[in-house]
Number of protein chains: 2
Amino acid sequence: MSEAQTELLRIGQVSDHSQLPVKTIRFYEERGLIQTAKRTSGGFRLFTPSVLSRLSFIRRSQALGLSLNDIQDILGIADSGQRPCKSVRHKFQEKISEIDERMQQLQQLKEQLQILIAEADEREGLDADYCPIIEHAGESTSS
Amino acid sequence: MSEAQTELLRIGQVSDHSQLPVKTIRFYEERGLIQTAKRTSGGFRLFTPSVLSRLSFIRRSQALGLSLNDIQDILGIADSGQRPCKSVRHKFQEKISEIDERMQQLQQLKEQLQILIAEADEREGLDADYCPIIEHAGESTSS
DNA sequence: ATATACTCTCCAGCCAGCTAGAGATATAAG
DNA sequence: CTTATATCTCTAGCTGGCTGGAGAGTATAT
């Protein structure tokens, strides 16, 4: 009967279980991504074990490419009650669009780089000191 | 005959021609990406017109996904004389590899997101308050 | 009581690539 | 000469996601 809640975790224990640095956990709490259940009389943070799945969700979402802001939005909706799932799906859809966009950009960049390399290769034999990539840089800056 | 070099440009003119903010040009100079030809007696920067193609090269390379560090390396080699083209090609090849890697990552993320969305969709009808994305977050954090 | 480990807050800095503002001086035009 | 504009240096901030250290206090085991 000595402790009413053996369940509450101090930050170090949360760190151990979540594999996250103590600093990061504090940082998340400051940012509002997670909450403490309460504090000890001395001021130590005490978390319910549910913080672990929350942290897990945060890391998984991060790994999936969501920013902490995105995640905070989602968790905020989740906390406020109804049907976070809808907004989660929405966020994820958005992210997918962003990913598609980014991949297209990257594809373009890649093609451009390849063109430039090919040009350089062509020139190479003829004119070893001329570098088309650098030299004719004058034109297409802004457009 | 009044001016020996009409050719030298002040920073504002460079800004006009390059479409880059004055601040950015100063910033590039501080970073060593470009150099001033000299200064006026009053301390105004004076650039040779060649700085324009250099800036153009910088921006083009940036648009192609190179970092300022990358660009600085390339320009450093170019400045030091021999055959920058080789190292430029090398950098570009490297960047292409990075792009490929990044695209693979993105593809994976996208697939994961799609899986999660699909899961959520399945559950949706059955159990409107259950969000698989959030709820069963407990497992695969670190691995 | 004390040694040890844990935790607290606050402040600072890192990466990149700028951007903003203050306050001083330079130059060009009239 | 005056005024307007351009430029100077210096300091500081922004975004995102932490990370590090100082210095002080707390909890626990013996």
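Side chains included, hydrogens not; waters and symmetry mates left out as well; all remaining heavy atoms used. A note on names: the letters A, B, ... follow the listed sequences, proteins ahead of strands, and every chain is numbered from 1.
Protein atom CD of A:Glu30 is 12 Å distant from nucleotide atom C1' of D:dG17, rounded to whole Å. In this structure, A:Gln72 atom CD and D:dC18 atom C1' are separated by 15 Å, rounded to whole Å. Summarising the geometry, the separation between CZ on B:Phe27 and P on C:dC15 is reported as 13 Å, rounded to the nearest angstrom. Distance A:Asn69 CG to D:dC18 C1': 14 Å, rounded to the nearest Å. The interatomic distance linking B:Glu29 (CD) with C:dC18 (P) rounds to 15 Å, in whole Å. What separates CZ of B:Phe47 from C1' of D:dC8 is a distance of 12 Å, to the nearest Å. Taking atom NZ of B:Lys38 as the reference point, atom P of D:dT7 lies 16 Å away to the nearest angstrom.
Contact between the side-chain N/O atoms of A:Thr40 and the OP1/OP2 oxygens of D:dA27 is found at a separation under 4.0 Å. Between B:Ser41 and C:dT27 there is a side-chain polar atom (N or O) within less than 4.0 angstrom of OP1 or OP2. For D:dG16, neither phosphate oxygen OP1 nor OP2 lies less than 4.0 angstrom from any side-chain nitrogen or oxygen of A:Gln62. Considering only side-chain N and O atoms, A:Gln13 lies nowhere under 4.0 angstrom from the phosphate OP1 or OP2 of D:dA27. Between C:dC18 and B:Tyr28, a contact under 4.0 Å exists linking OP1 or OP2 to a side-chain N or O. Not one side-chain nitrogen or oxygen of A:Arg39 sits closer than 4.0 Å to the OP1 or OP2 atom of D:dG25.
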Verdict with reasoning, A:His90 to A:Glu94, per side chain to side chain donor-acceptor pair (under 3.5 Å): CA-CA 6 Å; A:His90 186 61; A:Glu94 270 181 16; 3.3 Å; yes
Can A:Lys95 and A:Glu98 be said to form a salt bridge (Lys or Arg N to Asp or Glu O under 4.0 Å), step by step? CA-CA 5 Å; A:Lys95 272 296 155 187; A:Glu98 284 175 31; 3.0 Å; yes
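Between C:dG17, C:dT7, D:dC8, one nucleotide has an atom nearer to the side chain of B:Arg31 than all others, and that is C:dG17. Counting only heavy atoms from C-beta on, A:Phe44 has its side chain closest to D:dG25 among D:dC18, D:dG25, D:dT7. Taking only side-chain atoms of A:Pro21, from C-beta outward, the nucleotide of D:dT7, D:dT19, C:dT19 with the closest atom is D:dT19. Of the candidates C:dC18, D:dC8, D:dT19, the closest approach to any side-chain atom of B:Arg26 belongs to D:dC8. Residue B:Arg45 places its side chain closer to D:dC8 than to any other of C:dA28, D:dC18, D:dC8.
A:Arg102 and A:Gln105 share a donor-acceptor pair across their side chains, judged by distance under 3.5 Å alone. A side-chain N or O of B:Asp70 and one of B:Ser67 form a donor-acceptor pair less than 3.5 Å apart.
Sequence order on DNA chain C of the closest nucleotides to B:Gly43 and B:Leu68 puts B:Leu68 first from the 5' end.
Considering A:Leu33, A:Ile71, A:Leu52 as possible partners of A:Phe57, the one that fulfils the side-chain contact (heavy atoms from CB on, under 4.5 Å) test is A:Ile71.
Among the atoms of the strands shown, only primed sugar atoms or phosphate atoms (P, OP1, OP2) are found under 4.0 Å from some heavy atom of A:Arg10.
Contact of B:Lys23 with C:dG17 (side chain to base): no donor-acceptor pair of N or O atoms is detected under 3.5 Å.
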